[in-house]
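Convention: sequence-line order gives letters A, B, ...; per-chain numbering from 1. Predicted model, so just to flag it, every value in this text is computed and none were measured. Only heavy atoms go into these numbers, but all of them, side chains included; no hydrogens, no water, no symmetry mates.
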Number of protein chains: 2
Amino acid sequence: MVDPGLNTVLSKSVAILRAFNSDDTNVSLAELVRRTGLHKATVFRLAAELVELRLLEKSESGYRLSGGMFELGMRAAVERTLLEVAMPFLQDLYERTHEIVHLGIREGHHVVYVAKLGGHRQVRSPSRVGGRMPMHCTAIGKVFLAHDPIVRREILSAPLERRTPHTVATPGRLARQLSTVTSTGVAYEREESALGLTCIAVPVLDETSAVCAAISVAGPTTRFRPEAHTAVLRATGAALGTILARRSSSDGH
Amino acid sequence: MVDPGLNTVLSKSVAILRAFNSDDTNVSLAELVRRTGLHKATVFRLAAELVELRLLEKSESGYRLSGGMFELGMRAAVERTLLEVAMPFLQDLYERTHEIVHLGIREGHHVVYVAKLGGHRQVRSPSRVGGRMPMHCTAIGKVFLAHDPIVRREILSAPLERRTPHTVATPGRLARQLSTVTSTGVAYEREESALGLTCIAVPVLDETSAVCAAISVAGPTTRFRPEAHTAVLRATGAALGTILARRSSSDGH
DNA sequence: TCAGAGCGTATCGCTCAACGAAACGCGACG
DNA sequence: CGTCGCGTTTCGTTGAGCGATACGCTCTGA
């Protein structure tokens with residue numbers, strides 16, 4: 001009881017699972033102990049049980065999140081539904097632009113990417129499916145901020161992390177940008193989360209006109225002209241919103 | 001210690017999480033009790049804690065797997081890596097065929113789909129990303145069976161579930177099909193997992209020439225000619241295998 | 001209108017699963 | 001050879017988790 005809420009078996013186990021980063025393929029016991037702050041014997045025992053339960057698996061000299069985890073994750077209701085409905089639209093968008101296409105949702109004070117098409121060979125973009133990004137330095141994040149006053153206030157009142165020299169880290173400038181986003185319905189990001197990457201995003205509105213997701217197109221700053229994709233992007237966002245609204249009203253039965 | 005390995009907090013919690021099916025958006029406490037066989041009070045307490053930990057969330061009148069689960073799932077090492085590397089290839093494949101494209105791996109005695117492109121509006125196919133399918137009635141499954149004698153023996157010695165009238169449910173016939181697959185390197189499925197759906201699959205070989213994944217193209221039987229896609233599919237499988245092999249040899253350092 | 005079924009939620013002593021300190025065996029390093 | 005960091009095992013103590021029980025609510029049908 002000395003510590004944070006890590007008194008129950010369950011919270012400790014989840015802490016262990018969450019100790020894995022997005023690109024860990026092999027985390028040692030000792031490293032897990034360091035990251036979680038738990039007792040060595042505890043991590044050892046729990047990790048063993050998690051292996052038993054197929055949420056972890058042993059790798060060369062440590063542990064990694066296993067396929068069982070993947071399976072469970074893909075059953076998450078909101079994300080899976082959104083993904084399945086949106087995929088055809090995203091594919092069309094990709095085929096028309098051949099640039100990086102993102103679908104993102106808001107989770108707390110972050111953007112979580114639900115889908116990503118293209119962009120694997122071209123630019124190295126920092127986004128990953130299932131990964132988190134700050135809201136203030138991504139086009140998708142700005143869409144959410146622009147349409148949600150409460151979250152916007154929270155974000156603007158905390159220090160804004162600087163990711164690149166271009167990150168808009170002053171609340172005033174960001175607020176001004178956001179009001180433009182609110183009125184135009186389009187958000188831009190110009191190398192604010194990663195150098196060399198430019199991005200444009202639009203909201204996806206659900207049946208209550210709330211922003212339930214956002215989609216974006218991104219490409220290398222050198223040649224990428226975001227304005228060129230405004231129309232397709234807008235059309236895609238609107239079409240997706242319509243379908244989502246139709247679905248959620250019909251499955252009420 | 002009586003048995004059903006459900007003595008620990010952790011195993012019970014995972015049992016609760018696994019009680020959610022691929023399309024549950026709202027499972028009541030009572031239903032969870034029924035599915036898990038756990039005590040009502042236990043499910044209540046653990047579910048509450050899982051909500052606290054953001055693996056579950058309350059929905060209208062019950063629970064659902066939450067975004068936190070999705071995030072964790074997408075950090076699963078093998079699946080995420082495979083997905084990220086394979087996506088560009090799958091996208092190309094989709095653009096060339098405009099049919100349903102699948103990427104699948106073997107997990108125990110089942111196929112688990114890691115990616116799926118297209119096919120959302122056209123045919124209703126039973127596959128879902130993160131979903132399981134039996135091996136004997138899917139093209140991807142047959143690829144694995146054909147190249148893994150051990151698993152093949154296990155599958156062939158158990159009764160083969162019949163999914164449609166066309167499911168090959170007799171070990172002899174299946175074995176004969178599989179030997180063709182072994183020699184040609186191409187597997188077919190003709191309405192064996194779902195009526196109206198035809199599919200063709202090829203293996204993806206890793207650096208040890210083991211089948212680490214399989215990719216397939218599927219379409220409605222009415223007009224879909226699997227042979228038409230053999231060449232592209234083969235090329236894609238080979239290219240993907242090469243990249244995967246290159247990656248896994250280079251990241252050893 | 002009332003009995004009862006089914007639900008989510010709360011209480012409370014008992015007990016055993018989980019705890020962490022400690023120690024062990026091992027390989028790597030200097 | 002000492003020792004450092006690692007994974008693993010042991011063990012006595014203790015409080016977290018257990019489930020029987022009960023409560024209040026909302027249906028539904030008699």
Is atom CD of A:E154 surrounded by more than 12 heavy atoms (other residues, nucleotides or ligands) closer than 6.0 Å?
yes
Ignoring backbone atoms, establish whether A:T8 has a side-chain N or O less than 4.0 Å from OP1 or OP2 of D:dA16.
no
Could you state the CG-P distance from A:L10 to C:dC19, rounded to the nearest angstrom?
11 Å
Please report how far the helix from C:dT1-D:dA30 to C:dG30-D:dC1 bends, comparing the axis fitted to its first five pairs with the axis fitted to its last five, to the nearest 10 degrees.
30°
Test salt bridge (Lys or Arg N to Asp or Glu O under 4.0 Å) on A:K142 and A:E192; report intermediate values, then the result.
CA-CA 11 Å; A:K142 287 180 193 175; A:E192 296 157 44; 2.6 Å; yes
Could you check how far NZ of B:K12 sits from C1' of C:dC16, rounded to whole Å?
11 Å
Shortest non-hydrogen contact from B:A146 toward B:R152
O-NH1, 3.1 Å
Between A:L65 and B:L72, which heavy-atom pair has the shortest distance, and what is it?
CD1-O, 3.7 Å
Whole angstroms only, please: what is the CG-P distance between B:L50 and D:dG17?
12 Å
Round to a whole Å and report the spacing from CG of A:N7 to C1' of C:dC19.
12 Å
Under 3.5 Å, is there a donor-acceptor pair between the A:E49 and B:S11 side chains?
no
Any side-chain donor near an acceptor of the partner, A:S127 and A:H102, under 3.5 Å
yes
A:L46 side chain reached by A:K12 side chain, heavy atoms, under 4.5 Å:
yes
Specify the separation, in whole Å, of atom CG of A:L32 and atom P of D:dT8.
12 Å
Nucleotides 5-13 of chain C: protein proximity per nucleotide (B base, S sugar-phosphate only, - neither; heavy atom, under 4.0 Å)
--SBBB---
Could you tell me the separation between the CG atom of A:L46 and the P atom of D:dA16, rounded to a whole number of Å?
15 Å
Could you walk me through whether A:E79 and A:R75 pass salt bridge (Lys or Arg N to Asp or Glu O under 4.0 Å), step by step?
CA-CA 8 Å; A:E79 286 73 9; A:R75 292 193 203 167; over 6 Å; no
